[in-house]
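Down below is the structure, laid out as structure tokens.
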Amino acid sequence: MSRTASAATGHYALAARRPEWLRVLLRPLSGDRPFPWLAPLIAMLLLFTIYPLIYNIWLSFHEYAPFRRQLEFVGFDNWRALWQDTRFWGSLGVTFTYFFIVLSVQLVLGMAIALLLDSDEPGFGLLRALLTLTLVIPPAITGMMFLLMQDPEFGVVTYILESVGLLDGTQPILSTASTALIGVMLADIWQWTPFMVLIFLAGLRSLPPEPFEAAMLDGASPFQIFRRITLPLMSKVIAVAVLIRGIDVFRMFDYVFVMTSGGPGTSTYVLSLYAWQQTFSFVKWGYGATISLVSLAIILIVANLFIKLAKVRW
């Protein structure tokens, strides 16, 4: 008897000695039905995604009464109050400003650095590996680092900007309404531009070499090659990177909370911070849930419009 046949015989003999209840329990896993293998994933999806969403929708029609210590049904009062809330519209405007500027800078810097690092020369592999270091730092720690570096007295960023004449020493970066949001953006750009670089590098390394060789033989300049070959071939990679990073930028919270807490005034008051403040500081659970749902709806609408326009296929 061959070794394969012997192993098969032993397997069936072992299965025959199993108790009946165990065989009944393992029977769904022995077939080709996918549901038993997907059940843990479906359970996690229901527990951590579907249930919180349904609860948030239910909560938006209620409000917590602190004196009675219970939730009370208020109908559409939270939704009506939202459209008349000037603080909400102001925070939405700050969020979109932050979103477009940060995403644009990270897109341009990420592509430029990726083109510079797209080489097999010695040392470039180490540089690509070093890019991952910023991604493992928690955003709250990054915010604290840049809070110290932008300190008006001993911050290194403040010192450099004052040395080149871009900053007046009488106006601290994070305490001035016109520069506070830029100071927060610096932390986000520093930490997450390497993420865009790594995605673009992966895309550049996977491009076919034939179109580039043909273009160089025809005498095309590097800029022409980039504009007419690299960008069209990288369009899907760029679209996916912008989509993933854009969703994360829109719901940014850590940097603002650590560095400015929304100030000075409301110059850095983003939508996520406003929802958090209404929910936990003012104990308006229903109103905070309403703001979160509107934020989710905006992300879904913008993301789906972008997917349709960019023709992203998963």
Going through the distances and angles, do T193 and Q106 end up as a side-chain hydrogen bond (donor to acceptor under 3.5 Å, both in side chains)? CA-CA 5 Å; T193 296; Q106 290 180 353; 4.6 Å; no
Heavy-atom count around F223 CZ within 6.0 Å, excluding the residue itself: above 12? no
May I ask whether I182 and I160 are part of the same hydrophobic cluster, defined by side-chain heavy atoms of I, L, V, M, F, W, Y residues being less than 4.5 angstrom apart, directly or through others? no
Can you tell me if CZ on F226 sees more than 12 non-hydrogen neighbours from other groups inside 6.0 Å? yes
Please tell me whether L92 and I301 are part of a single hydrophobic cluster in this structure, the criterion being side-chain heavy atoms less than 4.5 Å apart. no
Between D120 and R205, is there a salt bridge with N-O shorter than 4.0 Å? yes
Would L148 end up clustered with F146 when hydrophobic side chains under 4.5 Å apart are linked, directly or stepwise? no
How about F124: does its CZ atom have over 12 heavy atoms from other parts shown lying under 6.0 Å from it? yes
Assess the residue pair E63 and E72 against the criterion (side-chain contact (heavy atoms from CB on, under 4.5 Å)); give the C-alpha distance rounded to whole Å, side-chain angles, the decisive distance to 0.1 Å, and a yes or no. CA-CA 5 Å; E63 193 53 84; E72 295 183 349; 5.8 Å; no
Should the ring pair F96 and F99 be called parallel, tilted or perpendicular, given that the plane angle runs from 0 to 90° and is split at 30 and 60? perpendicular
ring-ring contact (aromatic ring centres under 6.0 Å, His included) evaluation trace for F280 with W285: CA-CA 7 Å; F280 298 104; W285 296 351; 8.3 Å; no
Polar side chain donor-acceptor pair, Y64 to Q70, under 3.5 angstrom: no
Group every Ile, Leu, Val, Met, Phe, Trp and Tyr by side-chain heavy-atom contacts under 4.5 Å, then state whether V108 and L198 land in the same group. no
Check the pair V105, F100 against side-chain contact (heavy atoms from CB on, under 4.5 Å), reporting the backbone distance first and the verdict last. CA-CA 9 Å; V105 173; F100 285 114; over 6 Å; no
Check the side chains of Q191 and T134 for a donor-acceptor pair under 3.5 angstrom, ignoring hydrogens and angles. no
From CA spacing to verdict: side-chain contact (heavy atoms from CB on, under 4.5 Å), V184, V270: CA-CA 11 Å; V184 177; V270 293; over 6 Å; no
For G93, does its backbone N or O pair with a side-chain atom of T97 as donor and acceptor, under 3.5 Å? yes
Does a sphere of radius 6.0 Å around CD in E153 hold more than 12 heavy atoms from other residues, nucleotides or ligands, not counting ones at 6.0 Å or beyond? no
May I ask you to check whether F76 and F61 place their ring centres under 6.0 Å from each other? yes
In the single-linkage hydrophobic clustering (I, L, V, M, F, W, Y; side-chain heavy atoms under 4.5 Å), do L109 and L231 co-cluster? yes
Let me know which of N78, D85, T279 forms a side-chain hydrogen bond (donor to acceptor under 3.5 Å, both in side chains) with Y287. D85
Anything under 30° is parallel, anything over 60° is perpendicular, the rest tilted; go ahead and classify W276 against F253. tilted
